[in-house]
Amino acid sequence: MKDAEIFNLIKAEEKRHEETLDLIASENYPSKAVRDALGSIFVAKYAEGRPYKRYYGGMENVDKLETLVGERALKAFNLNPQEWSVNLQPHSGGVANYEILRGLLNLEDKILCLHLPHGGHLSQGSAASLTGHDFKPVYYYLNKNGFLDYEAIEKLAVEQKPKLIIAGYTAYPRKIDFKRFSEIAKKIGAYLLTDTSHITGLIIGGVHPSPFPWTDVLMTTTHKTLRGPRGAMIICRKELEQKIFTKVFPGLQGGPHMHTIAAIGVALKEAVSPAFKKYAEQIIKNSQALALELKKYGFNLISGGTDNHLVLVDLRNKNITSKSAQELLESAGIVTNKNTIPYDPGTPFDPSGVRLGTPALTTRGMKEKEMRLIAGWINDVITNPTKATEIRKQVQKFSKKWPLF
Ligand code: DSN
């Protein structure tokens, strides 16, 4: 690469990943095949519209591409193309959620969603997001034990009569009962939107229940457990296609990112392979091994453990704020993110929890043994901050043994 400044930053970022442990639950390392597709000639093409209904010339390959990737998406979730439609064009998850809400609802309609500090996402009706500004959010909450309380959600839904209910989160460590959500939505005639961004790889890998056929519309990003490029997609019941997809284009977006769609296609093919199923299983084994070991060190976990790829640690008994914990762990080469916990007494800038996820380290080939070692380092750093420099050296040496891709 001739651009030395950018080249050096790319190399520095590679080195940072190689020498550290990425425990950010929403990050992952896509394969070389995915990255090759992302860097392909499809980056050059404008393709406003839908396959075989475009505005510009030169479409013979992008039409085939978008059709093929759409077929792969439906196949990955075992969906019948007569009943379900897919849109691969949303540029990101937050935008896709907004497009869905604008497609299905009138402005100021009520939506029922998990409160952000309890694990919901900004784009799920948070006051800071247009989804919370343009619609009227009513929030549900986790119970005191950190679990979804379906009876309380049902009661609230019946009282409030929202037009749409959102299930699927960014910091919820347990399985989600999508069938139960669908029963609640049906009871009040609301749409069910499932945002499976965090768990799509687990669903396709067969280790988390699918939201199909229960949901009316699914939104997922493509770069988390699915291990594709940064992007998003929407799958909805065929009868909702017109309402939603016109909000993607021309409603909010211009040209789709065809290079991203190509890379999503590669990721979807990988995700239906036997190797990916094993990968999905290992993500959960790793997450549970990490949780168990942290508990042995006296860490309190929201909900007491995990069924999925993430662990949410409540730091309140550890005499350290989460901001300091994140910084301290990073100084030891362990990269995490501070996170709110249910009923958090802290602030969004310094909440009381740290979120840990295993998708990226599982991609590097780590297993339960390595998770136990990492839990030990986390405990050492949090309980004895003066050890951070020494642990950083150990982490660096260890981390370099595990290739990123
Ligand atoms: N920022 C992502 C996460 O970390 O969960 C969600 O958008």
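Whatever order the structure lists them in is the order used to number ligands and atoms, beginning at 1. Here the structure is a predicted model, which means the values were calculated and not measured. Numbering of residues begins at 1 and proceeds along the displayed sequence.
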Taking only distance into account, with no hydrogens and no angle test, what donor-acceptor pairs under 3.5 Å do side-chain atoms of residues 101-113 form with protein atoms, sequence neighbours excluded?
residue	atom	partner	partner atom	Å
Arg102	NH1	Tyr98	OH	3.0
Asp109	OD2	Asn106	N	2.8
Lys110	NZ	Gln160	O	3.2
Lys110	NZ	Gln160	OE1	2.8

Practice item. Find all atoms of ligand 1 within a distance of less than 4.0 Å from any non-hydrogen atom belonging to His121, and give their numbers and elements. Key: 6 (C), 7 (O)
Review point. Near His198, which atoms of ligand 1 are under 4.0 Å from a heavy atom of that residue?
Key: 3 (C), 5 (O)
Practice item. State which residues pass ring-ring contact (aromatic ring centres under 6.0 Å, His included) with Phe7; sequence neighbours excluded, sorted by chain then number. Key: none
Point to revise | Point-to-point distance, once rounded to the nearest 0.5 Å, from CD1 of Ile334 to CD1 of Ile391 | key: 7.0 Å
Revision key, fill the gap. Tested for salt bridge (Lys or Arg N to Asp or Glu O under 4.0 Å) against Glu281, the lone hit among Lys278, Lys285, Lys277 is Lys277
Check your understanding: To which protein heavy atom is atom 3 (C) of ligand 1 closest, and what is the distance rounded to 0.1 Å?
Key -> Ser26 OG, 3.3 Å
Practice item. Identify, by atom number and element, the atoms of ligand 1 in contact range of Arg355, meaning under 4.0 Å from any of its heavy atoms. Key: 3 (C), 4 (O), 5 (O)
